[in-house]
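Okay, structure first, notes after.
As the structure lists them, so they are numbered: ligands from 1, and atoms in each ligand from 1. The first residue of the sequence shown is numbered 1, and numbering continues consecutively from there.
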Amino acid sequence: MELRAEAEDDWWEVEALYDLCFAPGREALSSYRLRDGVPPVEGLSLVARDPGGILGGAIRFWPVLIGPRRALLLGPVAVHPTRQGEGLGGWLIRESLGRAADQGWSRVMLVGDAPYYGRFGFRKLDGVEMPPPTNPERVLGLEIVPGAWAGLRGKVTRGA
Ligand SMILES: CC(C)(COP(=O)(O)OP(=O)(O)OC[C@H]1O[C@@H](n2cnc3c(N)ncnc32)[C@H](O)[C@@H]1OP(=O)(O)O)[C@@H](O)C(=O)NCCC(=O)NCCS
């Protein structure tokens, strides 16, 4: 498997992978309201392909704001069902978070399963409100810069 930055030509193939991996209607999720009309963050979205060029997994990031503070919204991330459980998801997440640190981002958030994302250092964010309906238990954050989430509360809005 090889990881590389998602290119324009990858877009629809990645969309098809997400359609396969998520329940129908994924775009009705509240997190998509933060992505509407905003391009993903350049250089952080990655695709994983095998030596034959077959897409095995993908991750994307969007910019968001909590008040005036910038954060990265991680996701969607998905691994093809035939490739799951082999560490590809973890690789995509760790590699992209490393690139986010290199780009100077200080905090990352997502809506997802704490038992999975906890292994990467994500913890529940208190008082950070995603557009409804979102289960607050699934709103998780990671500090790239120590203390980056400390005391940060409020509504998450679209970034640019
Ligand atoms: C979640 C996903 C990206 C993980 O990718 P992956 O390549 O299978 O993950 P890895 O191989 O790095 O890690 C596998 C481990 O994560 C665990 N795991 C996977 N999904 C999990 C979840 N939702 N909750 C808790 N643990 C989970 C597996 O049980 C496995 O555990 P182990 O290491 O103890 O054996 C992939 O399973 C997927 O695409 N799922 C469908 C789409 C999805 O749910 N995306 C995430 C949205 S929140």
What do the steps show when you test Arg107 against Val145 for side-chain contact (heavy atoms from CB on, under 4.5 Å), and what is the final call? CA-CA 7 Å; Arg107 62 184 76 79; Val145 174; over 6 Å; no
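With sequence neighbours left out, Glu42 forms a side chain to side chain contact (heavy atoms under 4.5 Å, CB included) with no residue at all. Arg99 meets the side chain to side chain donor-acceptor pair (under 3.5 Å) test with Glu95; sequence neighbours excluded. The side chain to side chain donor-acceptor pair (under 3.5 Å) check on Arg138 picks up Asp113, with sequence neighbours excluded.
If you look at ligand 1, the protein residues with a non-hydrogen atom under 4.0 Å away are Cys21, Phe22, Val77, Ala78, Val79, Gln84, Gly85, Glu86, Gly87, Leu88, Gly89, Gly90, Val111, Gly112, Asp113, Pro115, Tyr116, Tyr117, Arg119.
A cation-pi arrangement is found for Arg60 relative to Trp11, the charged atom lying closer than 6.0 Å to the ring centre and inside a 45° cone about the ring normal.
Side-chain N or O atoms of Trp62 include none that pairs as donor or acceptor with a backbone N or O of Asp36 at under 3.5 Å.
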